[in-house]
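Heads up, the thing below is written out as structure tokens.
A, B, ... follow the sequence lines: proteins, then strands. Residue 1 opens every chain.
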There are 2 protein chains.
Amino acid sequence: MPRRTAPGRPGGADGKDATWQAQKSAATRNQIIEAAIDCLVKVGYARTTTTRIASTAGLSRGAMLHHFPTKLDIVKAAVEALHAKRLKAFRKSIVAAPPAGRGRVHQAVQAYWQHVRHRLFVAFFELSVAARTDPELDAVLRPAQAAFDEAWIQTAREAFPEWQGDPEAFDLALHLSRYLLEGMSVSFLTHEDPERGERVLEYLEDLLRNLRPTGNGQRRLRSN
Amino acid sequence: MPRRTAPGRPGGADGKDATWQAQKSAATRNQIIEAAIDCLVKVGYARTTTTRIASTAGLSRGAMLHHFPTKLDIVKAAVEALHAKRLKAFRKSIVAAPPAGRGRVHQAVQAYWQHVRHRLFVAFFELSVAARTDPELDAVLRPAQAAFDEAWIQTAREAFPEWQGDPEAFDLALHLSRYLLEGMSVSFLTHEDPERGERVLEYLEDLLRNLRPTGNGQRRLRSN
DNA sequence: ACGGAAAAAGTCAAAGCTGTTTGAAACCGG
DNA sequence: CCGGTTTCAAACAGCTTTGACTTTTTCCGT
């Protein structure tokens, strides 16, 4: 019977305090994961090499490879950590919304806008783009993304019960906001100066206020 | 006095028919550029190597390097060709819009939607993402992108004179459409199945119809 | 203190990439 | 036909990356 906690398990997972060594191992793994996310943001996926990750984490490549035998193992762990952090941050910002009034939509839009401006989104975005042409990475990212999307939508449903009377409007509002804000964020990331988003953000808030169900299940905005 | 047209100049640029050799040279360069764009779409920027471009173009790497001494030279030529093609395609699709009525907004939205779904947009997108973390590439792409944006906006202004009574509304409509459709396209490129865009496209058309000036310079949609 | 396990570091081979150089083939005007 | 130019192809050197393997150091229970 092994006498020590296996590497990778967080300390205390078996109900007993982990040895210092096991805790140190878990801390090193976390350090590597943080370094990987850092590299994704700073130099993009293509230049996120095992050499650069190890250097950023402050240990040798050999040491790093002891914890994660292949680069894909690091990427898997980074994807998992990334999505957990993003979901946690999103939940936290959503609960800060006022219970009613104009400020509620404003806060929700600002929350998602900050979400897509965050370095964690940049890291995720780099992985997404690389996965388009990398089947191995796609096989890792796709299920994780599906799980994230499911949890994200569930979080939004719970946070905005007043919309559930009109699921169709809610679905439209959710996707409209997501595409628009992610599109704007990507534009600012790649080639635009982030100075012209405010008008669009205000307009989106107006749209969501008009889309919001009024109690009779009917949206106010009508086509010409 | 040189007796032959310099490589790189299109045949007939000096007012005389180019030699067959010069035409062949121009055709080879075009072949290389097409191959580079193909590689960007198929394998992404990071894997678009000189080896792969030459192979796709159907000639040796040495031959290719005779025409473009460095990889950045190929990229520069590809960026130029890409933007010229995208602008041409955009202009062509815009003039197909009906002169008035509901169909006008529909056609304009469909035109831009097809534009951002096209392989040329994918190639441009790959370059954009790579340029975020590559100063050398950014130095090439940024001015080209600025010129493209300028020409694109000018094309839109000329194609939609009825909006010019309300430049603010036009600017909002333009950016709203762009961010939304590019965000949706990027989502479909990277991780989503392209099956849920229709509701959003219809909604965008409604928004644009509501934003369109009615002659008294006032938008119909109002905030709560 | 000791032996075994784990963590850390160093080394190696293979593969691939880029830009440079050299050589061969094709083209063209005199 | 010939010499010069252009296009094409091959070879080379230098660099970087990855995963595997070996060695060293640290840690821990007996």
5' to 3', nucleotides 10-25 of chain C under a 4.0 Å protein heavy-atom cut-off (B base, S sugar-phosphate only, - none) gives B------SBBB-----

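Below 30°, between 30° and 60°, or above 60°: for H83(B) and F148(B) the angle between ring planes is between 30° and 60°, a tilted geometry. In this pair, H175(B) and Y179(B) present their aromatic rings tilted. The plane angle is within the 30 to 60° band. Aromatic ring orientation, F90(B) versus Y112(B): perpendicular (interplanar angle above 60°, classes split at 30° and 60°).
Residue K71(B) qualifies as enclosed at atom NZ: its count of foreign heavy atoms under 6.0 Å is above 12. Annotation: E80(A), atom CD; neighbour count of heavy atoms from other residues, nucleotides and ligands within 6.0 Å does not exceed 12. The number of heavy atoms from other shown groups lying within 6.0 Å of NZ (K42(A)) does not exceed 12.
Computed from coordinates, the K24(B) NZ to dT7(D) P distance equals 9 Å when rounded to whole Å. We find that CD of Q21(A) is positioned 12 Å from C1' of dG29(D), with the value rounded to whole Å. Rounded to an integer number of Å, the gap from H66(A) NE2 to dA20(D) C1' is 15 Å. The separation between F68(B) atom CZ and dC8(D) atom P is 12 Å, rounded to whole Å. Atom CD1 in I53(A) sits roughly 12 Å away from atom C1' in dT17(D) (whole-Å rounding). Rounded to whole Å, atom C1' of dT18(D) lies 11 Å from atom CD1 of I74(A). Rounded to whole angstrom, the span from the CG atom of L59(A) across to the P atom of dT24(D) amounts to 20 Å.
T28(B) has no side-chain polar atom (N or O) that falls below the 4.0 Å cut-off from OP1 or OP2 of dT7(D). Look at H67(A) and you'll find a side-chain N or O under 4.0 angstrom from OP1 or OP2 of dA8(C).
Distance check: L201(A) CG to Q110(A) CD gives 6.0 Å after rounding to the nearest 0.5 Å.
In summary, the side chains of R132(B) and T190(A) do not present any donor paired with an acceptor at a separation below 3.5 Å, with no hydrogens or angles considered.
Looking at the side chain of S25(B), the nearest of the listed nucleotides dT7(D), dC8(D), dA6(C) is dT7(D).
Residues from residues 122-133 of chain B that place a heavy atom under 4.0 Å from any atom of DNA chain D: there are none.
Every side chain to side chain donor-acceptor pair (under 3.5 Å) that T50(A) has, sequence neighbours left out, goes to R61(A).
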